[in-house]
> 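Sharing a structure below in structure tokens format, with a few things to ask.
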There are 2 protein chains.
Amino acid sequence: MDQIEIFKALSNKTRLQILNWLKEPELHFPDHKASCGESDGGVCVGHIQKKAGLTQSTISEYLAVLQRAGLVTANRVGQWTYYKRNEEAFAALSNLVASEL
Amino acid sequence: MDQIEIFKALSNKTRLQILNWLKEPELHFPDHKASCGESDGGVCVGHIQKKAGLTQSTISEYLAVLQRAGLVTANRVGQWTYYKRNEEAFAALSNLVASEL
DNA sequence: AATATATATCGGTATTTCCCGATATTCCAA
DNA sequence: TTGGAATATCGGGAAATACCGATATATATT
């Protein structure tokens with residue numbers, strides 16, 4: 001739980017959007033299951049990339065930033081890496097902001 | 001309430017320390033009143049600067065960053081500028097993190 | 001084995017941030 | 001009104017960040 005790493009990860013519009021999209025994957029990525037299969041709520045990099053409109057390398061790096069901050073978890077299955085929110089981390093962050101900031 | 005500006009402001013160890021010190025000014029700046037007078041919980045730049053151990057210009061700029069983010073308020077009285085936490089902003093941030101992140 | 005697909009990593013340029021010293025501004029005191 | 005104290009602002013060098021295109025790696029398919 002590195003506060004500074006977390007706040008840095010949250011200091012970018014695109015990364016905030018991604019986190020928001022991942023709150024409701026089936027809403028924001030309606031055709032994900034059809035093209036990427038079942039993934040327990042995780043969304044693959046390519047879909048996130050297309051929606052964000054930045055390059056593949058940039059989105060891959062952004063997801064790595066979010067993962068290093070602990071805000072998302074990655075799950076590689078075959079050729080896809082599924083990313084999903086780490087709600088425990090958000091709960092912990094919420095507590096931290098509410099009581100220790 | 002610019003989320004990104006707030007998270008950027010929080011992405012620095014010294015600024016986080018300052019915000020923490022300002023939670024209990026009389027504890028962290030025990031001799032403040034004697035040298036800077038009554039200030040309604042605000043602490044002058046010089047005291048913050050000495051405690052932080054960075055230069056005056058850096059701390060002045062950091063306080064401006066925190067102020068632009070809305071996290072502190074400044075109150076100039078004579079030759080001193082007293083900074084204090086804006087607790088309303090922290091409450092709003094806490095709500096935001098708890099419900100919209 | 002060869003190819004195609006999804007993702008990660010590398011190298012690079014432009015911008016931003018960190019932190020400094022020097023200078024400007026504002027206010028007080030003699 | 002001159003000097004001193006507190007703060008703000010300016011200019012700059014080093015490091016980090018925002019993106020990109022190109023390439024590498026891993027997996028799946030044929």
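Numbers restart at 1 for each chain; the letters A, B, ... are given by sequence-line order, proteins then strands.
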> At less than 4.0 Å, is any side-chain N or O atom of Asn12(A) found next to OP1 or OP2 of dT17(D)? Yes or no.
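No, Asn12(A) has no side-chain N/O under 4.0 Å of OP1/OP2 on dT17(D).
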> Hydrogens and angles aside, do Ser57(A) and Ser60(A) bring a side-chain donor and acceptor to less than 3.5 Å of each other?
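Ser60(A) and Ser57(A) do not have a side-chain donor-acceptor pair below 3.5 Å.
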> Nearest nucleotide by nearest heavy atom, which residue falls closer to the 5' end of DNA chain C, Lys8(A) or Leu63(A)?
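Upstream on the strand: Leu63(A).
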> Gln49(B) CD to dA5(D) C1': how many Å, rounded?
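Checked: the CD to C1' distance equals 13 Å.
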> Could you tell me whether the phosphate oxygens of dA8(D), OP1 or OP2, come under 4.0 Å of any side-chain nitrogen or oxygen in Thr81(B)?
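Affirmative; the distance criterion is met.
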> For a quick check of understanding: with a heavy-atom distance under 4.0 Å over all strands, which category does Thr58(B) fall into, base, sugar-phosphate or nothing?
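Touches a base.
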> Between C1' on dG11(C) and CD on Glu61(A), what's the gap in Å once rounded to a whole number?
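Result: 13 Å.
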> May I have the distance from Ile48(A) (atom CD1) to dA6(C) (atom C1'), rounded to whole angstrom?
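From Ile48(A) CD1 to dA6(C) C1': 13 Å.
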> Does the side chain of Tyr83(A) reach to within under 4.5 Å of the side chain of Thr73(A), using non-hydrogen atoms?
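No. Closest side-chain heavy atoms not under 4.5 Å.
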> In whole angstrom, give the distance that lies between atom CG of Leu66(A) and atom P of dA18(D).
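Nearest whole value for this atom pair: 11 Å.
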> Taking NZ, NE, NH1 and NH2 as the nitrogens, is one of them in Glu61(B) or Arg68(B) under 4.0 Å from a carboxylate oxygen of the other?
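Answer for the salt bridge query: yes.
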> Select one nucleotide: of dC19(C), dT7(D), dT17(D), the one nearest the side-chain heavy atoms of Tyr62(B).
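For Tyr62(B), the side-chain atoms sit closest to dC19(C).
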> Taking the six-membered ring of Phe90(B), is NZ or CZ of Arg85(B) closer than 6.0 Å to its centre and within 45° of its axis?
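So Arg85(B) does make the cation-pi contact.
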> Using whole Å, what does the distance between atom C1' of nucleotide dA6(C) and atom CG of Asn75(A) come to?
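Those two atoms, CG and C1', are 15 Å apart.
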> Of the candidate nucleotides dC27(C), dA18(D), dA8(D), which contains the atom at the shortest distance from the side chain of Gln79(B)?
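Shortest atom-to-atom distance from the side chain points to dC27(C).
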> From CH2 of Trp80(A) over to C1' of dT5(C), roughly how many Å is that when rounded to an integer?
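Distance, rounded to whole Å: 8 Å.
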> Could you pick out which residue, Val77(A) or Leu54(A), lies toward the 5' side of DNA chain D when each is mapped onto its nearest nucleotide?
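The residue mapped nearer the 5' terminus is Leu54(A).
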> Nearest whole Å is fine: how far is dC18(C) P from Lys13(B) NZ?
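Rounding to the nearest Å, NZ of Lys13(B) and P of dC18(C) are 14 Å apart.
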> Given dT9(C), dG21(C), dA8(D), identify the nucleotide with an atom nearest to the side chain of Ser57(B).
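The answer is dG21(C).
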> Which nucleotide wins on minimum distance to the side chain of Thr14(A), given the candidates dT7(C), dA8(D), dC19(D)?
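The listed nucleotide nearest to Thr14(A)'s side chain is dC19(D).
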> Does Gln56(B) reach a base, just sugar-phosphate, or nothing at all? Heavy atoms under 4.0 Å.
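Here Gln56(B) touches the bases of the nucleic acid.
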> Quick one: label Tyr83(B) by what it contacts on the DNA or RNA (base, sugar-phosphate, nothing), any heavy atom closer than 4.0 Å.
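Sugar-phosphate, no base atom in range.
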> Taking only the side-chain heavy atoms of Arg76(A) (C-beta and beyond), determine which of dA8(D), dA8(C), dT17(D) contains the nearest atom.
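Selected nucleotide (nearest to the side chain): dA8(C).
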> Angle class for the His32(B)/His47(B) ring planes (parallel below 30°, perpendicular above 60°, tilted otherwise)?
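His32(B) vs His47(B) ring planes: perpendicular.
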> Could you please name the option among dC20(D), dC18(C), dA8(C) that lies closest to any side-chain atom of Thr55(A)?
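Looking only at heavy atoms from C-beta outward on Thr55(A), the closest nucleotide is dC20(D).
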> Heavy atoms, side chains only, cut-off 4.5 Å: are Ile59(A) and Leu54(A) in contact?
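Sidechains of Leu54(A) and Ile59(A): in contact.
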> Between P on dT17(D) and CZ on Arg15(A), what's the gap in Å once rounded to a whole number?
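So the two atoms are 9 Å apart, to the nearest Å.
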